[in-house]
Amino acid sequence: MGRLFKTYLSGSTIYCCSTCKCHLAVHEDIMSKQFQGRHGRAYLFNNVVNISLGPKEERVLITGLHTVADIYCNVCHTVIGWKYLEAYEESQRYKENKYIVERKKMVKESEIL
Ligand SMILES: [Zn+2]
């Protein structure tokens with residue numbers, strides 16, 4: 001294993017991994033809070049840090065067929081959501097290269113301290 005580089009974010013509200021508390025995303029990068037994850041409510045983010053991608057797979061979601069990859073926290077290896085790699089429906093294309101993170105897998109930094 002190589003050395004682990006952790007990225008630290010700055011912003012008014014920072015979302016952290018609920019398991020290991022490393023930074024994941026900032027409030028400004030939330031595109032939508034109206035998504036459904038595997039474990040309930042999930043947010044769509046423009047950008048997420050400190051993650052690795054799992055294998056690419058085709059998945060049929062409520063909104064149709066998508067190519068997605070699960071995303072793992074780099075530090076504790078918990079699956080926190082997935083990344084949309086490709087959407088087949090024109091109306092769903094805006095999600096490409098965006099990230100879904102389960103609300104239950106995140107904590108706000110202000111709630112940790
Ligand atoms: Zn973690």
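For ligands, and for the atoms within them, numbers begin at 1 and follow the listed sequence. Being a predicted model, the structure only gives us computed values, none of them experimental.
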| task | Would you please say whether a donor-acceptor pair under 3.5 Å links the side chains of K105 and T19? | result | no
| query | Nearest heavy-atom pair of H23 and C16: which atoms, and what distance? | reply | CD2-SG, 3.8 Å
| query | Are a donor atom and an acceptor atom from the side chains of E28 and T13 found within less than 3.5 Å of each other? | reply | no
| field | Atoms named by residue and atom, protein N, O or S, within reach of the Zn ion (ligand 1) (under 2.8 Å) | value | C17 SG, C20 SG, C73 SG, C76 SG
| request: Identify whether the distance between the nearest side-chain nitrogen and carboxylate oxygen of K104 and E102 falls below 4.0 Å. | output: no
| Ring centroid separation for H66 and Y84, is it under 6.0 angstrom? | yes
| query | Can D70 and R38 be counted as an ion pair, charged N to O under 4.0 angstrom? | reply | yes
